[in-house]
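Here the structure is a predicted model, which means the values were calculated and not measured. In each ligand, atom 1 is the first atom listed, and ligand 1 is the first ligand listed.
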Amino acid sequence: MPVITSIADLKRIYHRRVPKMFYDYAESGSWTEQTFRENTSDFSKIYLRQRVAVDMDGRSTASQMIGQDVAMPVGLAPVGLTGMQHADGEIKAARAAGKFGVPYTLSTMSICSIEDVAENTDAPFWMQVYTLKDDDFMQRLFDRAKAAKCSAAMITVDLQVLGQRHKDLKNGLSAPPKLTPASVANMMTKVHWGLGMLGTKRRFFGNIVGHAKGVTDPSSLSTWTSEAFDPSLNWDRIREFRKMWDGPLIIKGIMDPRDAREALNVGADAIIVSNHGGRQLDGALSAIRALPAILDAVGDKIEVHIDSGIRTGQDVLKALAMGAKGTYIGRAYVYGLGAMGEAGVTRALEVIHKELDVSMALCGRRDVRTLDRDILMIPEGFEGRWQA
Ligand SMILES: Cc1cc2nc3c(=O)[nH]c(=O)nc-3n(C[C@H](O)[C@H](O)[C@H](O)COP(=O)(O)O)c2cc1C
């Protein structure tokens, strides 16, 4: 096994190990992928202030997200179909996060079910919930999360309608994967992945099959999915979801100060500035450019977190110094998972942690909880601000 020193290293191994259909699914953004690309490239437009001869001893990356202790303020974002990137992927990722001391968020569209992840892990995890039409299903999803002792719910509000990713349509993405001559030929070359999949029964959407009305087997699932999402979603409806869950609540997918104020009024404990990793509105601002205006609007009243584009600990450092109280990685841990299972997710977290810790030190800072804009040089015009 080569020496792994970066997320880019994990990505290279990931490409070798995971079938094309699933790495295309993770790697893609919507349409031209402008927002997907800028999510990452915009981080490199912000400069960090190097300081020397400042006491850098006794540093700490420990913090809190929604009042829960974290070893560093970097959670694992909800990622659908994680169990297709690696056999039992959700359980593996949740275990790695639990041991590292950071939150793991299970997607509604996971392969392993809520109950399955709870049974096979020790640390409490967070449950991501999509805003679906079926009230009974929604209430049961929250109830199941409660029964599984999930310590927070995360409602994703940016998927009323689905952005288009060209490759997924061309690949006929599905779980379990559709077997065409091309996909079978590709999978045959992914021996580790194939053996893992043969060795597990977890190959369908575990939170849906057997739980949603009329979905008793995988063949009825695609019809359900195409009708389940609610294009008529509004804030009153989100308020109803809030009543279904009495624990800590995070609202994910906020890109506009107006929506941030609405989320605050719903009674959320935190919001995530996120454009779904560039998978929804192509042409939207990168998340890091959208962050300052949202912080100005609600930052003193609610915890503001961010995801989309984070690939390094330096990115985390910049987001925290700008004012975010928490960050999340999506693809960065999926690369680790596909490359090496649980050990790969652990490696991804170690890489990001080291980059965060050492870069913070080189900025002359010792505590992630007291970072501020003083260590950043942000180019003029960088901050995305809409006219009121
Ligand atoms: C393959 C993939 C699947 C995703 N599935 C979900 C999901 O089921 N629910 C959700 O709220 N967000 C989902 N997201 C968005 C992530 O939670 C997160 O916002 C995004 O990955 C952050 O960007 P990054 O990958 O650049 O870190 C998904 C992202 C990816 C890449």
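- Shown in contact with Gly309 at under 4.0 Å from a heavy atom are these atoms of ligand 1, numbered in order with element: 23 (O), 24 (P), 26 (O), 27 (O).
- When hydrogens are left out, the protein atom nearest atom 27 (O) of ligand 1 is Gly330 N, 3.0 Å; that is the closest non-hydrogen contact.
- For the side-chain hydrogen bond (donor to acceptor under 3.5 Å, both in side chains) with Asn39, the qualifying choice from Asp315, Asp307, Asn275 is Asn275, the only one to do so.
- Between the side chains of Asp88 and Thr200, at least one donor N or O lies within less than 3.5 Å of an accepting N or O.
- Contact atoms of ligand 1 toward Ala26: 1 (C), 31 (C) (distance under 4.0 Å to a heavy atom of the residue).
- Of the polar atoms of Gln128, at least one N or O is found under 3.5 Å from an N or O of ligand 1, judged by distance alone.
- When non-hydrogen atoms are compared, ligand 1 lies under 4.0 Å from the backbone of Arg331 as well as from its side chain.
- If you check the side chains of Ser359 and Gln314, you find a donor sitting under 3.5 Å from an acceptor.
- Proximity of the aromatic rings of Phe137 and His211 is defined here by a centroid distance below 6.0 angstrom, and this criterion is not met.
- The closest approach between any non-hydrogen atom of Pro78 and ligand 1 is below 4.0 Å.
- Residue, atom and distance of the protein heavy atom nearest to atom 8 (O) of ligand 1 are Ser107 OG, 2.7 Å.
- Among Lys252, Met154, Arg279, Met84, the residue whose heavy atom lies nearest to atom 31 (C) of ligand 1 is Arg279.
- Using a 4.0 Å heavy-atom cutoff, Arg311 is listed among the residues neighbouring ligand 1.
- Backbone and side-chain nitrogen or oxygen atoms of Tyr25 are examined, and none is located within less than 3.5 angstrom of a nitrogen or oxygen of ligand 1.
- Side-chain atoms of Gln85 and Tyr333 form no donor-acceptor pair, as typed in the model, at a separation below 3.5 Å.
- Of all atoms in ligand 1, numbered sequentially from 1 with element shown, those under 4.0 Å from a heavy atom of Gly80 are 3 (C), 4 (C), 5 (N), 6 (C), 7 (C), 8 (O).
- Classified by interplanar angle (parallel below 30°, tilted 30° to 60°, perpendicular above 60°), the ring pair His353/Phe100 is perpendicular.
- Near Val79, the atoms of ligand 1 lying under 4.0 angstrom from a non-hydrogen atom of the residue are 1 (C), 2 (C), 3 (C), 4 (C), 5 (N), 6 (C).
- The nearest heavy-atom contact from the protein to atom 9 (N) of ligand 1 is Tyr130 OH, 2.8 Å.
- Gln280 and Asp158 share no donor-acceptor pair across their side chains, judged by distance under 3.5 Å alone.
- Judged by the 6.0 Å and 45° rule, Arg279 forms a cation-pi pair with Tyr25.
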Assess the residue pair Phe241 and Trp235 against the criterion (ring-ring contact (aromatic ring centres under 6.0 Å, His included)); give the C-alpha distance rounded to whole Å, side-chain angles, the decisive distance to 0.1 Å, and a yes or no. CA-CA 10 Å; Phe241 297 143; Trp235 285 102; over 10 Å; no
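- Residue contacts with ligand 1 for Ser274 involve side-chain atoms from C-beta outward but no N, CA, C or O (heavy atoms, distance under 4.0 Å).
- Side-chain atoms of Gln139 and Trp245 include no donor-acceptor pair closer than 3.5 Å.
- Counting only heavy atoms of the protein, atom 19 (O) of ligand 1 lies nearest to Asp307 OD2, 2.8 Å.
- At the top of the distance list for atom 11 (O) of ligand 1, counting protein heavy atoms only, stands Thr156 OG1, 2.7 Å.
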